[in-house]
Amino acid sequence: MTKMNHEAFSKKYIMILSSILMKLKSKWTKVIIPLIGAGSLIWFLIRVIPKPSRASYPCMRVAAPLASGFVLWILGLAGSITAFSRMKSMFAQSSYLRGILFLIIGVGFTFLTLSQSSLDTFADTQDEVVIANNPIGDAKGINPGRVVWVWNPDATNENCTNSYNGDGVGNDYDDGWFLNKNNNQVEIDKMLSASILELTGERNDYEAWDKMFRYFNENKYNISSGYEGGQTVFIKTNATSTWGYGYTWGNITSDFNKNENNYYAIAETSPQLILSLLRQLINVYGIPEEMISVGDPMKFLYNHCYDLWHSEFPNVHYVQQISGSGREQVQPTSLPVIKYSDKGKVLSVTADKIYKAMNDADYLINVPTMKAHARAGITLFAKNHFGSHSRSSAEHLHPGLVSPDDNGAVRTETGMYRTQVDLMGHERLGGNTVFFLLDALYSGSEAVDPPTKWDMTPFNGDWTSSIFLSQDPVAIESVAYDFLSNEYNGADGKVNYPNMQGTTDYLRQAADPSYWPEDVIYDPDDDGIQLSGLGVNEHWNNPVDKEYTRNLRTGEGIELVTIFQDATDVYDDNANGSPISFELDQNYPNPFNPSTTISFTLSEKSAVRLEVYDMLGKLVAILYSGTKSAGAHTVKWNGVNRFGKFSASGNYIYRLHVDNGFQVIARSKLMTLLK
């Protein structure tokens, strides 16, 4: 069994065991849990003492809280026995004050012991660590579990400041990310085209679209057909800032304004990406304009969106809360359509109407923005449907999230009711979505925050400049979670919302019904047919390589297909051409202090770049960038980062990119710096 498989097996074993214990409502759990803790402590010591770097392995990070809980349990037990013994002795000697003091100490140690043997303490360990390469559920899609990621830094303006200096009247734009000057429409068009071809494996865009629509119809209706005349498409966007904070009607439909909440240019669906999508659906696939509706129906439509789209496609239906200025008003369904599966136990309501244009559409395309979220941890496709019901706000759905009141995670246990699962599985929402397009051109740290430049590789201080595409709703949210949780990790003043305990629980539940709450059966259509697995949940091996089990050929989970459309580093991991042959050796010495040597061998003259990253995916140093001849080469690293400072002790990833003119292939290895 390989190391990675061993770790995945270990974690899965612990999670299964914990799930069993959570279902045991008997006194025996008080005995079994300390035994598990003792075993975890022994296992941790045996593995980590000979090799301290193993402490970072996923299986060790799972065992650590169990082991530490057992240590506290032992200390509490020993302390309580000692304290009560001394109490008895003090009372026998008529030293009542000391006896009472030891009684109080003994009670304290007793509470410590009981707390460490509780089911709740054990359950908390289940969600402490997101396990790498451990697929849950069955992959969906033409190519099952495939998520396509296209990164093109030329699509966005690196020098965009996203600043505002206007007075809030008329067209006082300043330098918002959404402006045409900060988006390269040609490059964004190319990104979308490349993504649908890679997702489907087709050679032209029309065949790619037809294949996606046929796959959808075959799986939902068991009919073999693509789009047919008269069918309608609804494109659901994310327009959080148009909620109406302090706006009058005239301002809502005009421009971004710096209102009283300072929500100027927050991260939301890019108007340029929606234009690319309309061009594909109408100009390439041939769907009539009048059969398409676009908007975030709970919100309003800014001029910079409407003008861009309407000038090219005047017959599309552009929808919002009220009619006017070319926009059409949306109407709710006459009766509630979605029935929440908690049956009123968690949420304050049991059902919602949704917008009729969405409910009646033959196909839905969901285009959210990749963002972290203070209440949900992350906000992606499922959370975007908090704007699909017809109430004036989504506050009634917040109790189903990990942090309902925006004050930190309180619904942290695994197996709690999660609103997102109902939305992902409802037949007119997630169940009616042809494919899932994630806008990550300008990603943000919170629902109402502006986008930020990212530190992790390959962004390295630039905008994210990416789009993601999949037919598996769970897989694409899982991949986006990996990106968000790695970037917004609480370091360097960043938010840590994605890493709130419980954030990924809805993904496991959406993937596999065995993770559902005991008292919940997800049936948002209220037709007596409970949801089945909606896709596959998995997490990458590390933030540099970003590989899943289908990439590693170790399982049937997610496959992340990466297309780098950068003029300086064009990388397509499925590219054709002359195969690259090279070897990257393990650095020596390892661990090292103060320096180490990295060796590699090329089969032909190639352009190479050797980089060092930390375990969060941040670029630490570029050791070499240039051309090397065929043969063996060595490069030394003395631990100095790209800012001229010595790096801290810890694990690092060194990555070698080799470009022979036809392909760029990258390989990585782990090394340890000890001081």
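All values below were derived from every heavy atom in this structure, side-chain atoms included, with hydrogens, water molecules and symmetry-related copies excluded.
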Requested in this report: Would you tell me whether Asn641 and Ser647 have side-chain atoms, one donor and one acceptor, within less than 3.5 Å of each other?
Outcome: no

- Message: Please tell me whether Asn238 and Glu268 have a donor and an acceptor in their side chains that are separated by less than 3.5 angstrom.
- Response: no

Practice item. Would you check if Val635 and Thr597 make a side-chain contact, meaning some heavy-atom pair closer than 4.5 Å? Key: no

What one should report as the nearest heavy-atom pair of Thr672 and Asn590 is N-OD1, 2.8 Å

Legend entry - Ring geometry between Phe468 and Phe483 (parallel below 30°, tilted from 30 to 60°, perpendicular above 60°): perpendicular

Exercise. Distance only, no hydrogens: is a donor on one side chain within 3.5 Å (strictly under) of an acceptor on the other, for Thr200 and Glu202?
Worked result: no

Side-chain donor or acceptor of Lys636 paired with backbone N/O of Ile598 under 3.5 Å = no

side-chain hydrogen bond (donor to acceptor under 3.5 Å, both in side chains) for Asp545 and Ser668? Distances and angles first, verdict last.
CA-CA 7 Å; Asp545 295 313; Ser668 306; 2.6 Å; yes

Report yes or no: does Glu477 contribute a side-chain atom to a donor-acceptor pair with the main-chain N or O of Ala382 at less than 3.5 Å? yes

* To do: Considering only NZ, NE, NH1 and NH2 on the basic side and carboxylate oxygens on the acidic side, decide whether Lys494 and Glu487 come within less than 4.0 Å.
  => yes

Check your understanding: For Lys605, does the NZ atom sit with more than 12 other heavy atoms under 6.0 Å from it, leaving out its own atoms?
Key -> no

Review point. Where the side chain of Asn162 meets the backbone of Ala265, is there a donor-acceptor pair that is under 3.5 Å apart?
Key: yes

The salt bridge (charged side-chain N to carboxylate O under 4.0 Å, His left out) partners of Asp138 (sequence neighbours excluded) come to none

One should read off an interatomic distance between Ile188 CD1 and Leu277 CG, to the nearest 0.5 angstrom, of 12.5 Å

Please determine if Asp505 and Arg411 form a salt bridge, counting it only when a charged side-chain N lies under 4.0 Å from a carboxylate O.
no

key: Leu437 and Phe435: CA distance, side-chain angles, deciding distance, side chain to side chain contact (heavy atoms under 4.5 Å, CB included) verdict   = CA-CA 7 Å; Leu437 173 60; Phe435 77 112; 3.8 Å; yes

- Task: Would you please test Asn366 and Asn384 for side-chain hydrogen bond (donor to acceptor under 3.5 Å, both in side chains) and show each step?
- Result: CA-CA 8 Å; Asn366 194 349; Asn384 197 30; 2.8 Å; yes

Original post:
So, the side chain of Asn182 versus the backbone of Gly176: is there a donor-acceptor pair under 3.5 Å, distance only?
Top reply: yes

Do Tyr442 and Trp454 have their ring centres less than 6.0 Å from each other?
-> no

Exercise. Using a strict 4.0 Å threshold on nitrogen-to-oxygen distance, state whether Asp585 and Lys669 make a salt bridge.
Key: no

Here the gap from Arg418 atom CZ to Arg508 atom CZ, rounded to the nearest 0.5 Å, amounts to 8.5 Å

Exercise. Would you call Gln501 and Val402 a side-chain contact if the rule is heavy atoms closer than 4.5 Å?
Worked result: no

task: Could you tell me whether the side chain of Leu560 reaches within less than 4.5 Å of the side chain of Thr562, counting heavy atoms only?
output: yes

Shortest non-hydrogen pair, Ser445 vs Thr452, comes out as OG-CG2, 4.4 Å

- Message: If we count only N and O atoms by modelled type, under 3.5 Å, do the side chains of Tyr481 and Asn486 hold a donor and an acceptor together?
- Response: no

Taking the side chain as every heavy atom from C-beta outward, state whether Asp439 and Pro368 have any atom pair closer than 4.5 Å. no

Between the main-chain N or O of Thr596 and the side-chain N or O of Asn587, is there a donor-acceptor pair closer than 3.5 Å?
-> no

To the nearest 0.5 Å, atom CG of Asn152 lies from atom OG1 of Thr464 at 12.0 Å

Closest heavy-atom pair, His539 versus Ser478, reported as atoms and distance to 0.1 Å, is ND1-O, 4.1 Å

*Distance only, no hydrogens: is a donor on one side chain within 3.5 Å (strictly under) of an acceptor on the other, for Thr549 and Asn133?*
no

Within the structure provided, determine whether Phe600 and Glu583 are in side-chain contact (heavy-atom separation under 4.5 Å).
no

When every non-hydrogen atom of Leu673 is compared with those of Ala648, the smallest separation belongs to CD2-O, 3.5 Å

ask   = Are the side chains of Leu584 and Arg667 in touch, meaning some heavy atoms are under 4.5 Å apart?
value = yes

Review point. Checking Glu158 side chain against Gly461 main chain: does a donor-acceptor pair fall under 3.5 Å?
Key: no

Between Val448 and Thr240, is there a side-chain heavy-atom distance shorter than 4.5 Å?
yes

Check whether Phe381 forms a cation-pi arrangement with Lys383 (NZ or CZ under 6.0 Å from the six-membered ring centre, at most 45° off the ring normal). no

- Message: Please evaluate residues Lys618 and Asp492 with respect to the criterion salt bridge (charged side-chain N to carboxylate O under 4.0 Å, His left out), reporting the C-alpha separation (whole Å), side-chain torsions for both, the decisive distance (0.1 Å), and the verdict.
- Response: CA-CA 12 Å; Lys618 292 183 181 178; Asp492 301 325; 2.5 Å; yes

* Asked: Looking at Glu611 and Arg655, does any basic side-chain N land under 4.0 Å from a carboxylate oxygen?
  -> no

Exercise for review: Would you please say whether a donor-acceptor pair under 3.5 Å links the side chains of Ser470 and Asp472?
Suggested key: no

Partner of Glu559 under salt bridge (charged side-chain N to carboxylate O under 4.0 Å, His left out), picked from Arg146, Lys140, Arg550, is Arg146

Rounding to 0.5 Å, atoms OG (Ser599) and CG (Leu656) come to a distance of 11.0 Å

Ser193 side chain to Met191 backbone, donor-acceptor under 3.5 Å:
no

Notebook entry, point to check: Would you say the side-chain atoms of Gln185 pair up with the backbone N or O of Gln272, donor to acceptor, closer than 3.5 Å?
Noted result: yes

Contacts of Trp637 meeting ring-ring contact (aromatic ring centres under 6.0 Å, His included) (sequence neighbours excluded), chain-then-number -> Phe592, Tyr652

Practice problem: Look at the side chain of Thr412 and the backbone N and O of Ala409, then say whether any donor-acceptor pair between them is shorter than 3.5 Å. | Solution: no

**Prompt:** Going by atom types only, do Ser606 and Asp659 share a side-chain donor-acceptor pair under 3.5 Å?
**Reply:** no

Minimal heavy-atom distance between Ile378 and Leu484, with the atoms involved, is CG2-CD1, 3.7 Å

Checking the side chain of Glu446 only, and the main-chain atoms of Ala374 only, is there a donor and an acceptor separated by less than 3.5 Å?
yes

Q) How are the rings of Phe459 and Trp151 set to each other: parallel, tilted or perpendicular (split at 30° and 60°)? A) perpendicular

For Tyr654, the ring-ring contact (aromatic ring centres under 6.0 Å, His included) test, sequence neighbours excluded, returns none

Is the NZ or CZ atom of Arg609 both under 6.0 Å from the centre of the six-membered ring of Tyr624 and within 45° of that ring's axis?
no

Here the gap from Lys453 atom NZ to Asn460 atom CG, rounded to the nearest 0.5 Å, amounts to 12.5 Å

Taking every heavy atom of Ile467 against every heavy atom of Ser195, the minimum-distance pair comes out as CD1-OG, 3.9 Å

With side chains defined as the heavy atoms from C-beta onward, is the minimum distance between Val612 and Ile653 less than 4.5 Å?
no

dist Ile476:CD1 -> Leu469:CG (nearest 0.5 Å) comes out at 6.0 Å

Query raised in the report: Just checking, any donor-acceptor pair under 3.5 angstrom between side chains of Asn489 and Asn496?
Result: no

